[in-house]
Amino acid sequence: MSQFQQNVELIRTESMTRDVVRLTFHAPDIAATAHPGQFIMVQTTTTGNDPLLRRPFSIHQVNNNGALQILFKVLGRGTELLAKRQEGEFVSLLGPLGKGFTLDNGDASCLIGGGMGIAPMLFLAHSLRRQGKTPTVILGARTGDELVPLLADFQQLGVVVQAVTNDGSFGSHGFVTDIFKDIHFPAHSINPIVYTCGPRPMMAAIFLQCQHKNLSCQVSMETTMACGIGACLGCAIPLKSGGYAHVCADGPVFSAKDLLWNL
Amino acid sequence: MSQFQQNVELIRTESMTRDVVRLTFHAPDIAATAHPGQFIMVQTTTTGNDPLLRRPFSIHQVNNNGALQILFKVLGRGTELLAKRQEGEFVSLLGPLGKGFTLDNGDASCLIGGGMGIAPMLFLAHSLRRQGKTPTVILGARTGDELVPLLADFQQLGVVVQAVTNDGSFGSHGFVTDIFKDIHFPAHSINPIVYTCGPRPMMAAIFLQCQHKNLSCQVSMETTMACGIGACLGCAIPLKSGGYAHVCADGPVFSAKDLLWNL
Amino acid sequence: MEPVTVDGKAFAPREGNSSQVDLRVNIGSLQLQNPVMTASGTFGYAREFEDFVNLQRLGAVVVKGISLSPRAGNPPPRVVETACGMLNAIGLENVGVERFISDKMPNLSVLGVPVIVNILGDSVEEYQEIARRLAEVESIAAIEVNISCPNVKKGGVAFGTDPQMAAAVTQAVKGVSRAPVIVKLSPNVTDISLMARAVAEAGADAVSLINTLIGMAIDLPTRRPRLANVIGGLSGPAIKPVALRMVYQVAQTVSIPVIGVGGIASADDALEFLLAGASAVQVGTANLVNPRTSEEVVAGISAYFRQHHIASVRDWIGALQVS
Amino acid sequence: MEPVTVDGKAFAPREGNSSQVDLRVNIGSLQLQNPVMTASGTFGYAREFEDFVNLQRLGAVVVKGISLSPRAGNPPPRVVETACGMLNAIGLENVGVERFISDKMPNLSVLGVPVIVNILGDSVEEYQEIARRLAEVESIAAIEVNISCPNVKKGGVAFGTDPQMAAAVTQAVKGVSRAPVIVKLSPNVTDISLMARAVAEAGADAVSLINTLIGMAIDLPTRRPRLANVIGGLSGPAIKPVALRMVYQVAQTVSIPVIGVGGIASADDALEFLLAGASAVQVGTANLVNPRTSEEVVAGISAYFRQHHIASVRDWIGALQVS
Ligand SMILES: Cc1cc2nc3c(=O)[nH]c(=O)nc-3n(C[C@H](O)[C@H](O)[C@H](O)COP(=O)(O)OP(=O)(O)OC[C@H]3O[C@@H](n4cnc5c(N)ncnc54)[C@H](O)[C@@H]3O)c2cc1C
Ligand SMILES: Cc1cc2nc3c(=O)[nH]c(=O)nc-3n(C[C@H](O)[C@H](O)[C@H](O)COP(=O)(O)OP(=O)(O)OC[C@H]3O[C@@H](n4cnc5c(N)ncnc54)[C@H](O)[C@@H]3O)c2cc1C
Ligand SMILES: Cc1cc2nc3c(=O)[nH]c(=O)nc-3n(C[C@H](O)[C@H](O)[C@H](O)COP(=O)(O)O)c2cc1C
Ligand SMILES: Cc1cc2nc3c(=O)[nH]c(=O)nc-3n(C[C@H](O)[C@H](O)[C@H](O)COP(=O)(O)O)c2cc1C
Ligand code: FES
Ligand code: FES
């Protein structure tokens with residue numbers, strides 16, 4: 001399980017919406033060893049120590065040519081700086097980091113991405129398809145603008161996407177939970193599994209539904225992080241059994257039942 | 001004597017040598033009120049507080065269309081960042097600052113610029129020419145590469161430039177002092193004056209020669225500066241009479257005889 | 001209009017014109033139109049900023065530290081940049097109290113903004129003597145006592161690190177001062193609350209904090225200190241977390257107003273210090289980078305309060321939610 | 001080869017292969033191949049860095065603070081970025097000394113790099129008990145005593161702010177420890193030299209400084225502290241000037257080796273601390289940003305010494321030119 005710190009070339013920048021950006025790096029070493037659900041830490045500055053820390057982003061997609069993508073929303077100074085980087089510039093990446101989604105145990109799966117939680121779902125869907133599986137994919141966003149530019153990539157994989165927007169501007173009107181409510185796995189499914197990433201309240205609601213439906217549920221969690229490599233113990237997340245796990249090393253993907261949700 | 005803090009457009013970037021850059025801003029307010037020898041403080045960062053402080057640069061040239069130029073060598077992080085700024089971007093300038101050269105009293109003058117000390121000499125030569133005067137101009141640099149790209153601008157003003165390089169690769173071989181040694185103002189000159197800017201040892205040597213020749217000598221001094229506007233008292237320079245002057249407010253141009261040179 | 005509830009605490013919007021917010025704060029008997037001051041040593045004698053700031057918009061200006069006799073200050077280099085901060089060793093260069101009164105005060109007193117005079121001395125008597133002289137100048141709004149200086153009579157231990165000495169200076173100045181007395185605390189102590197309590201009990205009308213942290217920088221090529229004075233005072237964004245912590249701590253210790261200083265460069269920064277319990281703030285190093293900062297902070301606080309329906313700054317001061 | 005003179009001080013180049021420089025330093029009875037360590041709490045248990053750093057190139061690794069019983073640590077958020085720095089309130093999460101010895105030490109002792117164990121306790125007895133247990137582990141190169149913790153028996157005053165208490169801890173640990181004892185000093189004190197002298201007299205083999213400055217950050221939108229623990233420790237480039245000043249000060253006060261920590265992110269930074277009088281340095285927060293930093297610092301120091309014909313790091317330590 002090797003990790004790399006490399007200065008890699010930014011080979012493509014895409015403005016998906018006003019404030020959502022997709023960057024493609026030529027990062028063959030990281031791409032070759034990455035699993036869906038893993039993340040990278042990205043240096044945002046080129047000079048100076050402010051902002052000091054790298055920023056974590058899920059791996060959105062990789063390909064065989066060494067391309068690695070991240071998809072992110074511009075929120076603060078770090079993402080602002082990253083959004084300004086130009087094609088041909090070099091960016092320092094650290095990865096692949098953390099434990100990704102568990103892919104092997106089930107034959108039926110549902111992928112639920114909300115907001116920027118969609119990011120890791122593309123890589124995950126891709127990997128499942130390569131295993132010959134056909135996941136159900138539910139993608140939710142505040143508004144259609146944030147969803148539409150991403151659909152083609154999922155469709156190319158040959159998966160059916162159920163789109164839902166909070167404002168009803170595209171797909172169904174409502175929340176991913178409204179759609180998931182009506183999803184029923186075939187009766188004969190072996191270990192059906194739900195993968196989800198998105199705002200914490202969304203994931204909590206999905207987990208609750210999974211408990212009712214007796215489905216195992218994997219969640220990709222966010223915390224503030226300093227190092228991303230298990231060195232600082234900064235990224236604690238409370239466990240149901242007491243104590244803390246570390247999102248960067250023990251996650252970011254967890255079995256939802258192991259976490260303390262305060263539902 | 002108004003000062004401005006303005007975000008102005010960078011309208012032209014020129015790489016003069018491997019590490020000397022000239023930037024042209026559209027800064028009509030500052031350009032209109034600037035005097036030769038004055039300087040501006042330039043913000044080097046676009047995000048973050050590192051480097052924190054602005055950097056001081058002599059005003060290299062201004063024109064009637066509101067263009068304002070600086071000429072600088074890339075030394076550290078601040079100048080590195082500035083050298084990377086692109087045409088069309090906006091940069092925060094503070095200026096015009098300080099007290100420039102005194103132009104009015106003499107009819108014969110010699111301008112001596114060494115290294116980046118050449119920067120203010122173009123604006124000064126220009127202003128003297130507008131007063132109908134024909135200054136003698138001595139420009140020195142380590143090597144020809146640093147001098148050649150600047151000559152045309154002086155020649156356009158109709159002044160004769162005596163070039164000297166430390167390595168002899170262009171013009172005379174030696175130092176500006178070697179040239180100045182042989183400069184003799186006409187016997188009937190009224191208040192002949194020497195203006196100089198460059199490394200401290202160079203200015204000290206010029207001043208020494210001026211004393212022997214009984215010439216008044218104006219020097220443009222450098223110190224570390226925080227504010228550039230007389231607020232922090234950080235830019236002290238020892239005075240011959242005891243105590244300190246402040247380079248940003250009382251200078252950067254001083255009558256050499258008022259300063260403590262430790263010759 | 002509905003009262004607005006934020007995290008369980010009700011903020012009553014002001015009656016009438018909702019676009020007006022009440023920014024007035026009191027520092028002892030002094031009422032300021034808003035809580036934004038400039039920090040001593042970073043705003044010259046205010047005139048330097050006239051082209052950039054409408055001075056009448058500020059709560060107050062604090063001028064450079066004044067001593068009994070003129071001081072030439074330290075040899076250069078006096079300032080050096082550090083990561084997100086700077087070190088200064090100006091050496092308290094100033095014209096002395098007499099020339100301050102005769103040359104500077106006449107200009108300052110017509111600016112239309114309260115003028116607070118920062119003072120410093122080498123002994124209790126010196127502090128008192130400066131305060132006595134300044135008491136004759138009616139237009140001085142308050143005295144800020146910089147106790148970070150070494151006490152020459154007590155072997156050079158700084159007044160700001162010994163509670164008894166700090167109390168003695170406070171009492172001496174308070175005894176002769178007409179205007180409210182603010183004591184400016186040094187962060188270079190084990191327990192700043194102890195210092196705050198000592199000067200509060202000695203009669204200080206307010207405390208301001210923090211002064212600079214003591215630091216040092218080295219120039220590798222010459223293998224020399226980068227400041228001629230070897231050590232200097234660290235200021236700027238780098239020290240903001242330390243300042244915020246100390247302000248929070250002191251605001252819970254003393255009942256006199258606390259003035260927050262340290263790394264404030266925006267209205268957001270100022271709002272955080274006020275949340276932590278500061279009754280007012282001072283903008284320091286940021287003035288050197290963006291001379292308009294102080295006025296921008298005033299405008300930014302107003303805008304934020306209007307947007308969030310905070311009627312009065314007094315509802316905001318100390319409103320930090322600690323669970 | 002000619003001896004090289006730098007600012008009047010002669011640096012004798014080493015005989016023989018001039019591309020080899022002698023970086024060895026001694027910390028008490030412990031000899032390190034070079035003066036570069038990692039700082040406690042920023043390098044995990046070293047294994048996390050195996051992909052990035054050739055651990056055998058480092059002078060030593062210092063592992064996360066170990067307490068007598070396991071500690072779960074603080075609730076999140078535990079870290080927050082500040083200007084050129086970060087605040088942490090990890091809450092000393094660790095597996096406790098028993099599991100450290102059984103689970104972690106076996107892995108650590110085969111890395112081929114000296115392992116220094118950072119320890120912390122709530123009472124003198126607890127510190128001593130941990131040291132006693134660790135004394136049974138032969139492969140431990142040194143003990144670093146983190147005295148920034150509150151003494152629960154003395155009303156929560158930190159060991160690191162009271163010279164007597166610091167001396168008591170030092171003596172207790174030294175009494176049972178086989179390996180050299182380094183005492184790690186807190187910068188949150190009025191006079192760090194006093195603390196250094198106290199622990200040196202109590203038998204410390206070396207001091208390391210600085211630990212983090214206490215700071216705080218506030219989240220404006222929620223009006224809450226950004227750390228669940230409210231306050232945390234400030235580290236990173238922002239604090240380097242304070243660390244450098246304290247190292248300089250302490251190096252002139254005590255004769256035991258001083259280990260410099262605080263904001264070191266490059267060989268240049270490390271060289272400055274050594275100039276100021278540090279016999280070794282620790283790389284902390286920089287590991288979190290660039291996990292290769294520690295090895296890069298070793299390589300950078302070597303390259304610098306080769307380029308400037310410095311034969312031995314011992315010629316460089318304390319060579320700051322103060323006129
Ligand atoms: C494992 C992991 C994977 C992630 N993957 C992605 C991804 O694929 N795409 C993506 O867009 N983002 C992702 N994030 C979140 C991303 O790291 C943050 O949005 C980013 O660090 C913000 O940096 P900034 O400098 O722009 O914001 P800052 O200046 O640090 O903060 C700006 C504002 O955003 C808030 N903020 C900061 N971090 C977060 C956060 N994690 N969640 C919500 N608000 C935050 C701050 O509180 C502040 O109000 C991931 C986070 C983790 C831990
Ligand atoms: C009034 C005034 C006018 C100036 N005009 C010009 C000009 O027209 N063109 C120009 O190229 N420069 C000029 N300078 C110098 C210029 O300000 C510095 O070169 C610049 O600030 C360096 O910034 P930096 O961030 O790149 O270097 P830093 O990272 O700050 O420093 C890098 C290295 O350069 C050294 N250094 C820093 N400042 C100076 C300095 N002033 N002189 C010599 N070495 C220094 C530092 O010690 C360090 O070793 C002027 C300075 C003053 C005070
Ligand atoms: C250049 C400079 C000069 C200063 N002079 C004084 C002074 O004369 N008296 C004083 O009490 N504080 C002085 N200070 C400290 C500031 O008033 C302020 O307390 C400190 O800089 C922290 O605030 P900041 O981070 O906003 O700058 C000075 C600070 C700087 C940067
Ligand atoms: C996340 C984190 C955890 C830390 N944990 C410890 C610790 O357990 N024991 C200790 O003595 N110091 C601890 N420290 C302090 C560092 O070892 C170091 O003294 C301090 O961070 C200053 O150095 P720096 O600026 O290089 O990080 C920790 C620092 C950080 C950032
Ligand atoms: S972010 Fe440092 S341990 Fe997880
Ligand atoms: S640089 Fe601040 S007074 Fe001159």
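Chain letters run A, B, ... following the sequence lines, proteins first and then strands; every chain starts at 1.
A/Leu233 contributes atom CG, which lies 11.5 Å from atom CG of D/Asn74 (distance to the nearest 0.5 angstrom). Note that CG of A/Asn49 and CE of D/Met86 are 13.5 Å apart. Values are rounded to the nearest 0.5 Å.
Ranked by non-hydrogen atom pairs under 4.5 Å with chain D, the options A/Ala231, A/Cys227, A/Cys235 are led by A/Ala231. Interface summary for chain A: among D/Pro77, D/Pro75, D/Ala89, D/Ala83, the most heavy-atom pairs under 4.5 angstrom belong to D/Pro75. Of the listed residues D/Arg292, D/Glu48, D/Glu50, D/Arg71, the one with more heavy-atom pairs under 4.5 angstrom with chain A than any other is D/Arg292. With respect to chain D, the highest number of heavy-atom pairs below 4.5 Å among A/Asp50, A/Thr223, A/Ile237 belongs to A/Asp50. Between chain D and the options A/Gln43, A/Met41, A/His246, A/Met225, heavy-atom pairs under 4.5 Å are most frequent for A/His246. Contacts with chain A were tallied for D/Ala72, D/Cys84, D/Gly85; D/Cys84 has the most, counting heavy-atom pairs under 4.5 Å. Per-residue heavy-atom pair counts under 4.5 Å with chain D were compared for A/Cys232, A/Ser92, A/Gly228, and the maximum is reached by A/Cys232.
The nearest pair of heavy atoms linking D/Val79 to A/Ala226 is CG2-N, 4.1 Å. Across D/Pro76 and A/Tyr244, no two heavy atoms sit closer than the pair CD-CE2, 3.7 Å. Nearest heavy-atom pair across A/Leu94 and D/Pro291 is CD1-CG, 3.7 Å. Scanning all heavy atoms of the two residues, the minimum distance from D/Phe52 to A/Gln5 falls at CE2-N, 3.8 Å.
Under the 4.5 Å side-chain criterion, counting only non-hydrogen atoms from C-beta, D/Val289 is in contact with A/Leu53.
Only the side chain of D/Phe49 comes within contact range of chain A, judged by heavy atoms closer than 4.5 Å. If you measure heavy-atom distances from D/Thr82 to chain A, the contacts under 4.5 Å come from the backbone alone.
The environment of A/Lys240 atom NZ is sparse: at most 12 non-hydrogen atoms of other residues, nucleotides or ligands sit within 6.0 angstrom. Around the CZ atom of A/Arg18, the shell of radius 6.0 Å holds no more than 12 heavy atoms that belong to other residues, nucleotides or ligands.
Using a cut-off of 4.0 Å between Lys/Arg side-chain N and Asp/Glu carboxylate O, A/Arg54 and D/Glu81 are scored as not salt-bridged.
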May I have the step-by-step check of side chain to side chain contact (heavy atoms under 4.5 Å, CB included) for A/Ile229 and D/Leu288, ending in yes or no? CA-CA 8 Å; A/Ile229 57 172; D/Leu288 311 179; over 6 Å; no
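Between the side chain of D/Arg78 and the main chain of A/Ala236, no donor-acceptor pair closer than 3.5 Å is present.
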